[in-house]
There are 2 protein chains.
Amino acid sequence: MSVSITEIAKRLNVSHSTVSRVLNGRGKQYASEQTARQIRDLAVELNYRPNRLASGLLRGKTNLIGVAMGRCNSSYAGGILEGVRAACEDIGYQVLLGRAKNDELSESKQVRLLLDYKVDGLICVADGWGHERILHWLDEVVMRDLPCAVIDSRAYADRVDCVVTDDVAGAAMATRHLIELGHRRIAHVGGGDIRTTSTDRRNGYLRALADAGIASDPALIQGCAYSKESATAAIQTILEVRPLPTAVFVASDGDAYWVWQTLNDRGIRVPDDIALVGYGNLDVGLGLGLTTVDQAPQTLGAMAVKRVLNRIDRPGAPHEVVELNTQLIVRRSSAARA
Amino acid sequence: MSVSITEIAKRLNVSHSTVSRVLNGRGKQYASEQTARQIRDLAVELNYRPNRLASGLLRGKTNLIGVAMGRCNSSYAGGILEGVRAACEDIGYQVLLGRAKNDELSESKQVRLLLDYKVDGLICVADGWGHERILHWLDEVVMRDLPCAVIDSRAYADRVDCVVTDDVAGAAMATRHLIELGHRRIAHVGGGDIRTTSTDRRNGYLRALADAGIASDPALIQGCAYSKESATAAIQTILEVRPLPTAVFVASDGDAYWVWQTLNDRGIRVPDDIALVGYGNLDVGLGLGLTTVDQAPQTLGAMAVKRVLNRIDRPGAPHEVVELNTQLIVRRSSAARA
DNA sequence: GTGAAAGCGCTAACAA
DNA sequence: TTGTTAGCGCTTTCAC
């Protein structure tokens, strides 16, 4: 099927190790210019390509980076993956993609599979869900000293590198934006589940209110779990409260979409009657004209690769937490009050 | 680092081939119940995991599927990838992700890299761009008899399996929708570049007009190439024409977003003044309330895996073109005329 | 039912 | 500068 180093060696009457040295040798080429030339020419002619499995097996280095993540068809997850891919391409690594369904065992099964292919490093997108899940495979990774970066969770910062954004600060920034626009009764849809991202965002919201000396109203805070049903229920409950809030901060753009729909159905105009701010800078919010907080997913992915690579080069370096800045994207869903 | 079959064999005083037969042997297990049990128990205890590089090297089968695609952070590309991942997970394959920038050599470089890892099959997302690009690596794939499915191009249906949607039919459906709403002056933004998808969609638009006995007006047809600038320029040119069109069919949701923005800036209301229909069912259109054509990206990805798998099982089967149905998603951007 | 042996394609230490 | 040798971890005949 494809030519091997041995085939080239045979044809040229040299040993296969000479061929190996010329074609795949690291550093200086221990071979005469003449032999080297012959070998290289024939390699091109026969379209020789090194077998990565063989070299990986022998050298214990595959130039593979495993990526364990859930669904990748949101602009956030897709952005992270794109960042990882771009960074990997630059440094000659390939991405081996694992898929974790949203249950604990599926993830560790996937990680184990990635390890079976002897990836040189591992990137895990925790997505805020990962706390107990990660424990299922963390030990194995740590034991093997496998370079590993976790995106979106700092829960295991002592054992792996973490690449995160500050959800508390981001949510506070979003809330502060509303406060600066003059809003005082600001509702919050989100949180109330096990994800740290949700909890952090809620805390950021609370902190911004406190900093501004605004008392938070528990009736204006409704949990929500990334679904049409929960988002709709949350905003409906909030709309029962009197006086009505003049703004809503939703912990994710996807849920903000459903909130917007519900407001629309009730004849409540955004931003005229109620201002709306989401989180995550998803594509769905773009169409909506939704003010939101960008998490720079591509940078997140690229940084994770950088951390992993750094650890491949310098094993045993202390684990780091890289915290990326979020950015407020103001669109028409939040407008200055009349 | 991790236990090998030899390690287990040593501890149990059996040969490594016996261990291999028990742990990774296909079909019947040629081993006594007792030995097998001992081996299995120890394997679990030591957390044995087969080295996929080794078995891949020897058996010439890696359970790896290579995926060559451009950016994956749109809901379309992400959806395809997600479909591929889900299908692969079901059948015990892993996805090795290649990344092609938008130039010819980058793609073939990526494909070659995927081949270096001895993937069992290849999926390429042509995205309408792929015609000349694919030629750069097609021969190599065909020569090796590597199972290969191309998504979004039927240009090489004689040499690989193709999984496509009918862009002509989809665009015709979208246009017909506008016609049925009573529109007669329907503009089109899109096409005019080398992608077949664009050309097909324009042809679908033209066909629907013809079928309805509506003469097409060249002034109402403006090329566009997936960018803010080209989309904005296209709609601006169209808005010079008198009488104004009452509807616009844009060949992609992304461009439809920019068209919408421009209309908005000009004080033209959608759908009251001008109805708008896009293509692709991207997330950005969701927020917009944009009528569009869904291409079922996840199904596309899943079908590609199915084709590749089929060819792995039955090499030499005739190449097939799988054509998936598109679906019109009606939202508020197209409304019945008053 | 089990072991010995060969080898997938490659790298690297050691000799020559 | 080059060849020999010994594997990496595994599968698969072929004997016994």
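Below, read A as the first sequence line, B as the second, and so on, with proteins coming before strands; counting in each chain starts at 1. Keep in mind the model is a prediction, meaning the values are calculated, not measured.
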Trainee: So if I take the C1' atoms of five pairs at each end of the helix from C/dG1-D/dC16 to C/dA16-D/dT1 and get each local axis, what angle do the two axes make, rounded to 10 degrees?
Mentor: 40°
Trainee: When the distance from CG of A/L12 to C1' of D/dT1 is rounded to whole Å, what number comes out?
Mentor: 15 Å
Trainee: Please identify each residue that fulfils salt bridge (Lys or Arg N to Asp or Glu O under 4.0 Å) with B/K61, with sequence neighbours left out.
Mentor: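 For B/K61, the residues satisfying salt bridge (Lys or Arg N to Asp or Glu O under 4.0 Å) (neighbours in sequence not counted) are B/D120.
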Trainee: Please report the distance, rounded to the nearest Å, between NZ in A/K10 and P in D/dT2.
Mentor: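 The distance from NZ of A/K10 to P of D/dT2 comes to 20 Å, rounded to the nearest Å.
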Trainee: What contact category does B/N13 fall into here, base, sugar-phosphate, or nothing, at under 4.0 angstrom with non-hydrogen atoms?
Mentor: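 The answer is sugar-phosphate, as B/N13 gets under 4.0 Å only of primed atoms, P, OP1 or OP2.
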Trainee: Which residues satisfy the side chain to side chain contact (heavy atoms under 4.5 Å, CB included) test with A/N310, sequence neighbours excluded?
Mentor: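 Partners of A/N310 by the side chain to side chain contact (heavy atoms under 4.5 Å, CB included) criterion, ordered by chain and then number, come out as A/R307, A/R314.
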Trainee: Distance check needed: D/dT2 P versus A/R21 CZ, whole Å only.
Mentor: 8 Å
Trainee: Atom CG of A/L23 and atom P of C/dA12: how far apart are they, to the nearest Å?
Mentor: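 From A/L23 CG to C/dA12 P: 14 Å.
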Trainee: Could I get the full list of side chain to side chain contact (heavy atoms under 4.5 Å, CB included) partners for B/A296, not counting sequence neighbours?
Mentor: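 Once residues adjacent in sequence are excluded, the partners of B/A296 under the side chain to side chain contact (heavy atoms under 4.5 Å, CB included) criterion are B/D294, B/T299.
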Trainee: Could you verify whether a donor N or O on one side chain and an acceptor N or O on the other, from B/Q94 and A/D116, lie under 3.5 Å apart?
Mentor: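 The answer is no; no qualifying pair exists.
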Trainee: Can you measure A/R37 atom CZ to D/dT2 atom C1' for me and round it to whole angstrom units?
Mentor: 20 Å
Trainee: Provide the closest heavy-atom pair for B/Y156 versus B/C162 in the form atom of the first, atom of the second, distance.
Mentor: C-SG, 4.3 Å
Trainee: Closest heavy-atom contact between B/S15 and B/A9?
Mentor: C-CB, 3.7 Å
Trainee: According to a strict under-4.0 Å criterion, is B/T18 in side-chain N/O contact with OP1 or OP2 of C/dG3?
Mentor: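 Answer yes for this pair, as a side-chain N or O of B/T18 is under 4.0 Å from OP1 or OP2.
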Trainee: Listing time: all N or O pairs from protein to nucleotides 7-10 of chain D that are below 3.5 Å?
Mentor:
| unit_1 | atom_1 | unit_2 | atom_2 | d |
| --- | --- | --- | --- | --- |
| D/dG9 | N2 | B/A54 | O | 3.4 |
| D/dC10 | OP1 | B/Y48 | OH | 2.8 |
| D/dC10 | OP1 | B/N51 | N | 3.2 |
| D/dC10 | OP2 | B/I5 | N | 2.6 |

Trainee: If I take atom CD1 in residue B/I39 and atom P in nucleotide C/dT2, what distance separates them, rounded to the nearest angstrom?
Mentor: 8 Å
Trainee: Who passes side-chain hydrogen bond (donor to acceptor under 3.5 Å, both in side chains) against B/E45, sequence neighbours left out?
Mentor: none
Trainee: Work out which heavy atom in B/A43 is nearest to a heavy atom in B/L23; give both atom names and the distance.
Mentor: CB-CD2, 3.8 Å
